[in-house]
Amino acid sequence: MQTPTVYILTILLILLVLHFSREKKFENLKFFLIGGISSISLFFLFLIFTETPIINFIYQYILFPLTIGEGRITSKEIAYISLIDQFNLKRLFGEFKFIHIFLIPLTFISFKKIRENDRSINILNFIVILSVLGFLFNQLITANQIYIFSLIPILAATLHINLNNLKVNRKIFFLLIFVVLFATVKFHLRFNIDRKFLDLENVDKSNAINVNKINENFNNLKWISKYADPKNELMVIQKALEVINRDEREKTLITHYQFIATILDKPLYILNRWYLWDNNTHPTENHKYFEFYKLLVNKNIKKNNIKVIYLLGQKNMIKFENVKNYFTDTCFESKTLIQDKFSSHKIINCKK
């Protein structure tokens with residue numbers, strides 16, 4: 001993803017420049033430059049073979065994401081989360097305590113022994129420390145699940161290398177191993193077994209039901225949602241699948257249920273992975289890149305000869321009044337199939 005990749009690449013680039021300028025090993029620099037040029041060339045070849053205009057990449061992967069991050073960092077009202085709200089003891093130290101257990105002593109040792117350690121150890125330490133800080137910052141402005149617990153064993157390994165060079169008591173290494181194992185088991189039980197994710201934090205997961213009725217690919221899986229009773233939600237999805245599957249016209253589906261295209265094995269020309277009308281998944285009317293996104297939507301509909309648009313969601317989460325704003329000189333014949341949850345919108349000729 002754009003972040004934290006850009007943070008890590010910036011850190012690596014700065015430290016590599018410092019390293020090459022001091023070591024004067026330009027033979028290694030040559031391989032670095034060849035690798036960089038090759039990667040960029042392969043990227044442009046990918047754009048050419050997939051017929052992806054470079055302007056689309058710039059808008060969708062650089063310019064638009066920058067507006068999301070800028071809004072969250074400056075705490076704009078339209079931002080999904082605010083960085084300033086994340087600066088509290090519970091968030092910074094309570095949730096990330098296992099990271100700090102290793103990060104704080106590693107930082108202390110790195111600065112204290114900066115003149116004594118060899119250069120490769122110093123570079124390793126500061127790449128790891130600065131990268132972890134970049135990951136922490138990214139986590140604070142990300143509205144996703146916590147993903148940075150994977151840094152714990154990496155930090156522990158780096159700290160292990162430093163302590164080994166200091167010839168410390170070997171018993172400390174057993175303590176490091178114990179903490180890593182304890183954290184691994186703890187987060188495995190919390191996130192893999194109990195499924196304690198952001199969206200399901202306060203949901204009674206004992207109400208989950210088997211979902212194999214929808215498709216055989218879901219065998220041995222259970223369904224739970226924070227939006228509705230799972231039985232009712234699955235019933236709505238099942239009926240929607242039947243309607244969409246019977247429809248032989250070229251169609252677009254606008255929904256948060258992204259597995260539907262895979263189950264039906266039909267092209268549904270889905271515009272977005274999610275549809276949130278707060279400028280966090282795509283530009284809306286009050287966004288400076290709205291017209292560009294609107295152009296993409298219209299182009300997608302015309303190119304694929306779309307005849308009908310289906311909307312599927314919970315309690316009008318996706319309103320057609322919002323969707324309609326992306327179409328120019330296009331009229332629709334709308335029909336409610338399941339109240340507040342499923343509707344079809346046939347594209348028709350506008351009356352003059």
Side-chain angles (χ1 to χ4, degrees), residues 1-12 60-62 64-73 75 79-107 124-160 176-177 179-203 205 208 221-222 224-226 256-259 272-276 278-282:
M1 296 181 68
Q2 297 93 324
T3 58
T5 301
V6 67
Y7 307 148
I8 310 306
L9 290 178
T10 302
I11 292 166
L12 290 175
Q60 295 182 63
Y61 279 84
I62 300 176
F64 176 62
L66 281 173
T67 64
I68 299 175
E70 187 269 337
R72 294 177 179 181
I73 292 170
S75 302
Y80 189 74
I81 60 171
S82 171
L83 178 62
I84 194 67
D85 294 334
Q86 306 297 309
F87 283 107
N88 56 73
L89 290 176
K90 182 180 181 298
R91 180 69 164 152
L92 289 174
F93 294 98
E95 293 185 2
F96 306 136
K97 52 184 173 291
F98 285 101
I99 291 176
H100 293 305
I101 285 174
F102 300 107
L103 178 62
I104 292 173
L106 177 61
T107 304
L124 170 66
N125 289 347
F126 285 104
I127 285 178
V128 171
I129 291 169
L130 293 174
S131 296
V132 169
L133 293 176
F135 277 113
L136 281 168
F137 175 76
N138 186 72
Q139 186 71 73
L140 293 175
I141 62 171
T142 301
N144 295 335
Q145 325 304 333
I146 299 176
Y147 68 92
I148 58 173
F149 292 136
S150 56
L151 297 173
I152 294 171
I154 297 172
L155 277 167
T158 310
L159 182 59
H160 185 136
L176 294 182
I177 294 171
V179 174
V180 172
L181 285 175
F182 179 80
T184 301
V185 172
K186 174 184 173 67
F187 294 126
H188 167 68
L189 292 174
R190 174 177 291 182
F191 296 108
N192 294 335
I193 304 300
D194 293 337
R195 305 285 180 176
K196 195 175 181 182
F197 301 131
L198 182 67
D199 295 334
L200 301 177
E201 190 81 17
N202 300 311
V203 175
K205 287 175 276 294
L221 293 179
K222 290 190 174 183
I224 192 68
S225 171
K226 70 176 184 179
H256 296 304
Y257 303 118
Q258 294 302 303
F259 56 83
N272 268 66
R273 186 177 180 183
W274 294 295
Y275 301 89
L276 304 176
D278 53 10
N279 292 315
N280 278 284
T281 59
H282 60 283

With side chains defined as the heavy atoms from C-beta onward, is the minimum distance between [X] and [Y] less than 4.5 Å?
{"X": "L133", "Y": "Y7", "value": "no"}
{"X": "L140", "Y": "L136", "value": "no"}
{"X": "F102", "Y": "V132", "value": "no"}

Roughly how far apart are [X] [atom1] and [Y] [atom2], rounded to 0.5 Å?
{"X": "L130", "Y": "F135", "atom1": "CG", "atom2": "CZ", "result": "12.0 Å"}
{"X": "H256", "Y": "L276", "atom1": "NE2", "atom2": "CG", "result": "5.5 Å"}
{"X": "I129", "Y": "I104", "atom1": "CD1", "atom2": "CD1", "result": "11.5 Å"}
{"X": "T184", "Y": "L189", "atom1": "OG1", "atom2": "CG", "result": "10.5 Å"}
{"X": "F187", "Y": "D194", "atom1": "CZ", "atom2": "CG", "result": "13.0 Å"}
{"X": "L106", "Y": "I101", "atom1": "CG", "atom2": "CD1", "result": "13.5 Å"}

If you count every heavy atom of other residues, nucleotides or ligands that lies below 6.0 Å from Y61 atom OH, does the total exceed 12? no

For a side-chain contact (heavy atoms from CB on, under 4.5 Å) check, start with the C-alpha distance between I11 and F126, then their side-chain angles and the critical distance, and finish with the verdict. CA-CA 9 Å; I11 292 166; F126 285 104; over 6 Å; no

Contact summary for [X] and [Y], nearest pair of heavy atoms:
{"X": "R273", "Y": "Q258", "answer": "O-NE2, 2.8 Å"}
{"X": "E95", "Y": "F149", "answer": "O-CE2, 3.3 Å"}
{"X": "Y275", "Y": "H282", "answer": "CA-CE1, 3.9 Å"}
{"X": "G134", "Y": "P4", "answer": "O-CB, 4.5 Å"}
{"X": "L176", "Y": "A156", "answer": "CD1-O, 4.3 Å"}
{"X": "V203", "Y": "K226", "answer": "CG2-CB, 3.6 Å"}

Taking the side chain from K205 and the backbone from L200, do they hold a donor-acceptor pair closer than 3.5 Å? yes

Check the pair N279 / T67 against side-chain contact (heavy atoms from CB on, under 4.5 Å), numbers first and verdict last. CA-CA 9 Å; N279 292 315; T67 64; over 6 Å; no

By side-chain contact (heavy atoms from CB on, under 4.5 Å) - contacts of L12 (at least two apart): I8, I127

For H100 and F93, take the angle between the two ring planes, folded into 0 to 90°, and tell me which bin it lands in: parallel under 30, tilted 30 to 60, perpendicular over 60. tilted

Sole residue of L155, I152, L151 in side chain to side chain contact (heavy atoms under 4.5 Å, CB included) with L103: L155

